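To find a chain, count down the sequence lines: A is the first, B the second, and so on, and within it residues start at 1. Just so you know, these numbers come straight off a predicted model, no measurement behind them.
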2 protein chains.
Amino acid sequence: MKKDSRLSSVLHALLHMAERGEPLTSDELALCMRTNPVVVRRTMGFLRDAGIVSSARGHAGGWAITADLKTVTLRQLHETLGEPAIFAIGNRQEMPECLVEQAVNAALDTAFAEAEALLLERFAHVTLADLAEDFARRHRLRSQ
Amino acid sequence: MKKDSRLSSVLHALLHMAERGEPLTSDELALCMRTNPVVVRRTMGFLRDAGIVSSARGHAGGWAITADLKTVTLRQLHETLGEPAIFAIGNRQEMPECLVEQAVNAALDTAFAEAEALLLERFAHVTLADLAEDFARRHRLRSQ
DNA sequence: TTTTCATGTAACTTCAATTATTACGAATCG
DNA sequence: CGATTCGTAATAATTGAAGTTACATGAAAA
């Protein structure tokens, strides 16, 4: 299965947008992310619907952040993208009659639920501002 | 991404094998797991190579557990299957030059690493014997 | 107003990974 | 020998993300 990299993608795009003051076009974002402008529009469309970014057509159009960097968390972005499946491992059959399989599912479900809860809890405590700060730190380090 | 259900599959197979004393053929396992006998052989082959089960050809052949149920953990089975990818979400690019993307990857990697550690820790504390006991409990409950 | 720029979106293809299927070889037991 | 059963190669089906093509729509500049 191919991994879903949309969260990674939008984070990359958002930080570039934050760094630059003016709107970035889909083509510019696609170029810096080595992907396709249509993919950028499709993915960023979710964020627009959630009010995190704005898009404008025509001259001087493009994408810009409207939300406060300190209020946007990784968890919110994950939800905005439709809460895609986190795990690449799952049960063979979700609603089995077989008692053996019910016992197996119960054990796996418990473990995965705990891991998911931890992940989402971590996601909830990382904001765009945190990432921007970490980027600035890396930038200072390399500039020395 | 299609989810990997081999761990769930082998657990189902192992518990059925534990319940029955004599060897089960690939066709029998495939029937009870609603899959294909070739898939059973391919997946159970990993467990045979790890010494968890044995396989025998010809009449009265098939698959049987050789390991002690109390010593086989979910984590060991996960490793035996080749440690398949746990997450369906990943970085857009693994080794980026872009400092923005490095900051993004670092944040996501940290969160995923913590969740993975928790999951594997839980897996390490669940044995086949635990699952067999849970199955027996469910069986008693339904028989009442 | 016409041209140009940019998003919006549908339709389709490509890609990656698991799972399913077909086919046949090899070993074992009666 | 012959039926049974695993071993394995080769290939197709499946699933969802990502990439591509094509064109409509709207906004600003010329």
Side-chain angles (χ1 to χ4, degrees), chain A residues 1-10 12-13 17 20 22-49 53-64 66 78 81-94, chain B residues 1-10 12-13 17 22-49 52-64 66 78 81-94:
Chain A
M1 167 204 335
K2 192 180 239 177
K3 285 193 175 186
D4 183 336
S5 61
R6 287 178 299 168
L7 180 58
S8 167
S9 288
V10 300
H12 192 175
M17 289 159 60
R20 176 104 69 103
E22 55 195 2
L24 280 157
T25 67
S26 303
D27 284 64
E28 288 170 321
L29 287 173
L31 208 66
C32 104
M33 295 165 67
R34 292 183 195 160
T35 179
N36 194 289
V38 177
V39 174
V40 171
R41 285 182 207 124
R42 193 157 53 205
T43 312
M44 296 297 287
F46 288 100
L47 307 200
R48 180 193 52 230
D49 297 344
V53 302
S54 66
S55 63
R57 300 199 244 204
H59 285 270
W63 300 88
T66 53
H78 172 68
L81 292 174
E83 303 193 39
I86 290 175
F87 297 106
I89 297 179
N91 295 327
R92 205 180 49 76
Q93 197 183 346
E94 275 317 322
Chain B
M1 179 190 280
K2 191 179 239 178
K3 288 194 173 185
D4 183 336
S5 62
R6 287 177 301 166
L7 180 57
S8 166
S9 288
V10 299
H12 191 175
M17 288 158 62
E22 55 197 1
L24 279 157
T25 67
S26 303
D27 283 66
E28 287 171 322
L29 286 173
L31 208 67
C32 104
M33 296 165 65
R34 291 181 195 161
T35 179
N36 193 290
V38 177
V39 174
V40 171
R41 285 183 207 123
R42 193 158 49 208
T43 312
M44 296 297 286
F46 289 98
L47 307 200
R48 179 193 53 228
D49 296 345
I52 299 171
V53 302
S54 65
S55 63
R57 300 199 243 207
H59 286 271
W63 302 87
T66 53
H78 171 69
L81 291 173
E83 303 193 39
I86 291 176
F87 297 105
I89 296 178
N91 295 330
R92 204 180 48 76
Q93 198 183 344
E94 275 317 321

Gap between atom [atom2] of [Y] and atom [atom1] of [X] - 0.5 Å precision:
{"X": "L7(A)", "Y": "I86(A)", "atom1": "CG", "atom2": "CD1", "value": "10.0 Å"}
{"X": "M33(B)", "Y": "N36(B)", "atom1": "CE", "atom2": "CG", "value": "11.5 Å"}
{"X": "R20(A)", "Y": "L29(A)", "atom1": "CZ", "atom2": "CG", "value": "8.5 Å"}
{"X": "R34(A)", "Y": "Q93(B)", "atom1": "CZ", "atom2": "CD", "value": "5.0 Å"}
{"X": "C32(B)", "Y": "L24(B)", "atom1": "SG", "atom2": "CG", "value": "7.5 Å"}

Atom pair distance, as rounded to whole Å: [atom1] in [X] and [atom2] in [N]:
{"X": "D4(B)", "N": "dA16(C)", "atom1": "CG", "atom2": "C1'", "result": "14 Å"}
{"X": "L7(B)", "N": "dT18(C)", "atom1": "CG", "atom2": "C1'", "result": "15 Å"}
{"X": "F46(B)", "N": "dT19(C)", "atom1": "CZ", "atom2": "C1'", "result": "13 Å"}
{"X": "L29(B)", "N": "dT19(C)", "atom1": "CG", "atom2": "C1'", "result": "17 Å"}
{"X": "I86(B)", "N": "dT18(C)", "atom1": "CD1", "atom2": "C1'", "result": "17 Å"}
{"X": "Q93(A)", "N": "dT19(C)", "atom1": "CD", "atom2": "C1'", "result": "15 Å"}
{"X": "N91(B)", "N": "dA18(D)", "atom1": "CG", "atom2": "P", "result": "12 Å"}
{"X": "H12(A)", "N": "dA18(D)", "atom1": "NE2", "atom2": "P", "result": "15 Å"}

Have S26(B) and W63(B) got a donor and an acceptor in their side chains that come within less than 3.5 Å? yes
Show the nearest heavy-atom pair for residues E28(A) and P23(A), with the distance to one decimal.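 Looks like OE1-O, 4.3 Å.
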At 10 degrees resolution, what angle do the end axes of the helix from dT1(C)-dA30(D) to dG30(C)-dC1(D) form when each is taken over five base pairs? 10°
Could I get a table of every N or O pair under 3.5 Å where one atom is in the protein and the other is in nucleotides 2-9 of chain D?
from, atom 1, to, atom 2, distance (Å)
dA3(D), N3, H59(B), NE2, 3.3
dT4(D), O4', H59(B), NE2, 3.4
dT5(D), O4', G58(B), O, 3.4
dC6(D), OP1, S26(B), N, 2.8
dC6(D), OP1, S26(B), OG, 3.2
dC6(D), OP1, W63(B), NE1, 3.4
dC6(D), OP2, S26(B), N, 3.4
dC6(D), OP2, S26(B), OG, 3.1
dC6(D), O2, R57(B), NH1, 3.4
dG7(D), OP1, R48(B), NH1, 2.5
dG7(D), OP1, S55(B), OG, 3.1
dG7(D), OP2, R48(B), NH1, 2.6

Given side chains that start at C-beta, do those of V40(A) and D27(A) come closer than 4.5 Å, heavy atoms only? no
Do M17(A) and V53(A) touch side chain to side chain, with heavy atoms closer than 4.5 Å?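 They are in contact (side-chain heavy atoms under 4.5 Å apart), so the answer is yes.
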Between dA18(D) and S5(A), is there an OP1 or OP2 to side-chain N/O distance shorter than 4.0 Å?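 For dA18(D), OP1/OP2 do have a side-chain N/O of S5(A) under 4.0 Å.
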Ignoring backbone atoms, test whether N36(A) places a side-chain nitrogen or oxygen under 4.0 Å from the OP1 or OP2 oxygen of dT20(D).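 Checking N36(A) against dT20(D): at least one side-chain N or O falls below 4.0 Å of OP1 or OP2.
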Identify which nucleotide among dA17(D), dT18(C), dG19(D) has an atom closest to any side-chain atom of K2(A), counting heavy atoms from C-beta outward. dA17(D)
